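Have a look at the structure below, then the notes.
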Protein chains: 2
Amino acid sequence: MPGIHEVARLAGVSAATVSRALSGRGSVSPATRARVQAAANELGYVVSSSASGLATGRTRNVGVVIPFLNRWFYGAVVEGAESALLEQGYDLTLYNLGGSDEERRLVFEHFLLRKRVDAVIAVSLELTPDEVKRLIDLDKPIVGVGGPLPGVRTLSLDDVELGRLATEHLIALGHTEIAHIGGDALEMDFHLPTNRRHGYVEAMEAAGLHAHDHHFHAADFTMEGGYRAAKQLLGNPVGRPSAIFAASDEMAIGAILAAKDLGMHVPGDVSIIGIDDHELAEFFGLTTIAQFPDMQGRMAVEVLMDELHPGHREAEELNIDLPFELVVRSSTARR
Amino acid sequence: MPGIHEVARLAGVSAATVSRALSGRGSVSPATRARVQAAANELGYVVSSSASGLATGRTRNVGVVIPFLNRWFYGAVVEGAESALLEQGYDLTLYNLGGSDEERRLVFEHFLLRKRVDAVIAVSLELTPDEVKRLIDLDKPIVGVGGPLPGVRTLSLDDVELGRLATEHLIALGHTEIAHIGGDALEMDFHLPTNRRHGYVEAMEAAGLHAHDHHFHAADFTMEGGYRAAKQLLGNPVGRPSAIFAASDEMAIGAILAAKDLGMHVPGDVSIIGIDDHELAEFFGLTTIAQFPDMQGRMAVEVLMDELHPGHREAEELNIDLPFELVVRSSTARR
DNA sequence: ATGAAAGCGCTAACAT
DNA sequence: ATGTTAGCGCTTTCAT
């Protein structure tokens, strides 16, 4: 492990010049820079992040805090963020809050505070005002993905609009008896399931249709949950819906399997639409509304970089709406 | 952000004593330790990892290098490792090598070397001797998960045995025409698919059965790949197998769906077994051989901790065999 | 058991 | 454009 002084010696300059040449800060003549770079390469020199971090207060590392890792959506967000960070020369330190409250407390009270990260990306987490304050007091930019956070820059989907769009797609195909498989409002942050349901209800009412109570089923956002809910919905001889809007693709896929197991054809007997564009959606021919989680991760990094290295442009809106797109496949059809 | 000196002042001791009291290294009277701890709590003091890292050379951070994040298996390994590391007061910095070779080079030549991590966990990655050497030269312990790595402590499955066990399960149920959906040997590190296939062939031959060439199909470890391979296998009117052993659960689930789409019953018309115990395996009633990826992540951390804080016990085997377990559900039955 | 002091490897003023 | 110097905040000898 050669240090900066060895590079300096080999290049015939001072350590300060090496630092300047390698970091790009401060002015160095092109010739010197080249010599320094050659020397650094020859020795295989890499700065010590501890030393550099101590001297500058910057670590070139960002913390990503997520509620689960092992769901398609979160994995994709992290993947997008990681690759964007790598391009910028940043590392990504991961905090999975899936476990206990104690774990969450530890992360916020110790891990994030030990000056290991320059900034934090919080995915689908409703941070408490106290948690936000702690980070802001430390001068650490935060960006949230997945829901507005008071006083924090966030990227989020308009879930009401998503619910409306999915429902309108079904209505436009002539469906009137449309069921909804949503989530339990209490289970997830940001009332995402509630908002999607609102969009569904609004679209129904706007079309003069009725969103019957017996056409709503709560599930847990898993394939199995969607399967069970759809069995209930489709098995009931009275008031059987001709279309189902599930609040996630995994639930929608569960619904497709339930329909098949009941001997029904999709979309012949029942149309099904989800939300996500999950990696399995194409395989199942699922019509869905794509959100682009890896891009969300990349966007979060871009927003952070703007805050970390100001100058590009000034902060516009505090909250940025994420794009989404209806992807029509073969699980929905005219009634 | 209070520093160590403010804690020292409040506790009425020197900074050195605070350091000793909080880290547990060196001797401090119980009374002093209590006062220091109280002072630290009151001020919300947390050590600066840069400063501590610079002074000690230890960062309390482990790098985890994986080929993809967004597959069930890898997500679970990382999840297990993350939570085990958190318990030990360590952070986890993630490097996803899914992208280009350039990305991989960057990670090994820069990121891992800038003294940000104390150790490395490499999941399912065949590190080159040069990559291993770089890390060892830096005195960074490495543990590999998923395949023996020359000169590195590793945790790995006996894939030949896995293939044999899966096949023997089918043979014991009376099947003789057993097909195998494997992977492309070139695609994955460690010849995992090849080894599983060897186990299959060995079990067949040991039972006096023949592993026909037309009973093997390569696929890409996805559900869709498994679906397509199974369609070929089951659609062929001559030599149709009565059982299929797929080298992964995702492919096995694809095979189940293919059988259903062909109007066949599982396990009535065809028995199907996979490997993994994927999160969806239970839902599909899939018989499988469970490996326990989250536990693998935890074990990797334990092995690392042994290397990082020697004393517990000395290194036994270089390679540790991972446990696995046949889980019989409803996708396999007597012929 | 505790304190004083040196130093980990780098960066950023300040000089020149 | 480059060198000199003084820290960044902590840990760890070395004294006592």
Side-chain angles (χ1 to χ4, degrees), chain A residues 1-37 39-40 43-61 89 110 113-118 138-139 308-309, chain B residues 1-37 39-40 43-61 89 110 113-118 138-139 308-309:
Chain A
M1 269 281 85
I4 199 171
H5 286 104
E6 310 181 35
V7 179
R9 203 173 313 134
L10 182 57
V13 295
S14 73
T17 299
V18 173
S19 175
R20 281 187 286 250
L22 262 28
S23 73
R25 260 183 269 283
S27 45
V28 181
S29 81
T32 312
R33 159 167 293 124
R35 254 184 312 132
V36 169
Q37 241 141 20
L43 297 173
Y45 169 78
V46 180
V47 296
S48 150
S49 57
S50 301
S52 170
L54 181 55
T56 60
R58 286 170 263 111
T59 61
R60 298 192 79 78
N61 187 27
H110 289 271
L113 302 184
R114 55 187 184 190
K115 277 192 161 292
R116 175 160 310 208
V117 302
D118 290 341
L138 256 82
D139 236 353
L308 251 20
H309 315 289
Chain B
M1 271 279 86
I4 199 172
H5 285 105
E6 309 182 35
V7 178
R9 204 173 311 135
L10 182 57
V13 295
S14 72
T17 299
V18 173
S19 173
R20 281 188 285 251
L22 262 27
S23 72
R25 259 182 273 282
S27 44
V28 181
S29 81
T32 311
R33 159 166 294 124
R35 255 183 312 132
V36 169
Q37 240 140 20
L43 297 174
Y45 169 78
V46 180
V47 296
S48 149
S49 57
S50 300
S52 169
L54 180 56
T56 60
R58 286 170 262 110
T59 62
R60 298 191 80 78
N61 188 28
H110 290 269
L113 302 183
R114 54 188 186 191
K115 275 190 164 296
R116 177 164 310 223
V117 302
D118 290 341
L138 256 83
D139 237 354
L308 251 19
H309 315 288

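What you see below is based on every heavy atom in this structure, not just the backbone, and it leaves out hydrogens, waters and symmetry mates. Predicted, not measured: the structure shown is a model, and the values here were computed from it. Every chain is numbered from 1 and lettered A, B, ... according to where its sequence line falls, protein lines coming before strand lines.
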Please confirm whether the backbone N or O of Arg116(B) pairs with a side-chain atom of Thr59(B), one donor and one acceptor, at under 3.5 Å?
yes
Search all heavy atoms of Ala8(A) against all heavy atoms of Ala15(A) and return the closest pair with its distance.
CB-N, 3.7 Å
In residues 14-29 of chain A, what residues come within less than 4.0 Å of DNA chain C, judged by heavy atoms?
Ala16(A), Ser19(A), Arg20(A), Arg25(A)
Euclidean distance, atom NE2 of residue His5(A) to atom C1' of dT5(D) [Å, nearest integer]:
11 Å
Can a side chain N or O of Ser48(B) be found less than 4.0 Å away from OP1 or OP2 on dC10(D)?
no
Whether the side chain of Asp118(B) engages the backbone of Arg60(B) through a donor-acceptor N/O pair (distance < 3.5 Å, no angle test) should be reported.
yes
Under 3.5 Å donor-acceptor, Arg114(A) side chain and Val46(B) backbone:
no
Between Gln37(A) and Ala21(A) the two heavy atoms that sit nearest each other are NE2-O, 4.5 Å
Rounded to the nearest Å, what distance is computed from the CE atom of residue Met1(B) to the C1' atom of nucleotide dC8(D)?
15 Å
Calculate, to the nearest 0.5 Å, the distance between atoms CG and CE belonging to Leu43(B) and Met1(B) respectively.
10.0 Å
Is any side-chain heavy atom of Arg33(A) less than 4.5 Å from a side-chain heavy atom of Val36(A)?
no
Taking all non-hydrogen atoms of both residues into account, name the closest pair between Ala39(A) and Ala11(A) and its distance.
CB-CB, 4.0 Å
Length of the line joining Tyr45(B):OH and dT11(D):C1', which is rounded to integer Å
10 Å
Would you confirm whether Arg58(A), through its side chain, and Leu308(A), through its main-chain N or O, come within 3.5 Å as a donor-acceptor pair?
no
Please report the closest heavy-atom contact between Arg20(B) and Gly26(B), naming both atoms and the distance.
CD-CA, 4.1 Å
Would you classify Arg114(B) as touching base, sugar-phosphate or nothing, given that sugar-phosphate means primed atoms plus P, OP1 and OP2, and contacts are heavy atoms under 4.0 Å?
nothing
Where does the chain B footprint on DNA chain C start and end, counting 5' to 3' with a 4.0 Å heavy-atom cut-off?
dA1(C) to dG9(C)
Within a strict 4.5 Å, meaning less than it, do heavy atoms of the Val47(A) and Ile4(A) side chains meet?
no
Taking five pairs at each end, how big is the angle between the two axes of the helix from dA1(C)-dT16(D) to dT16(C)-dA1(D), to 10°?
30°
Could you state the CG-P distance from Leu54(B) to dG7(D), rounded to the nearest angstrom?
17 Å
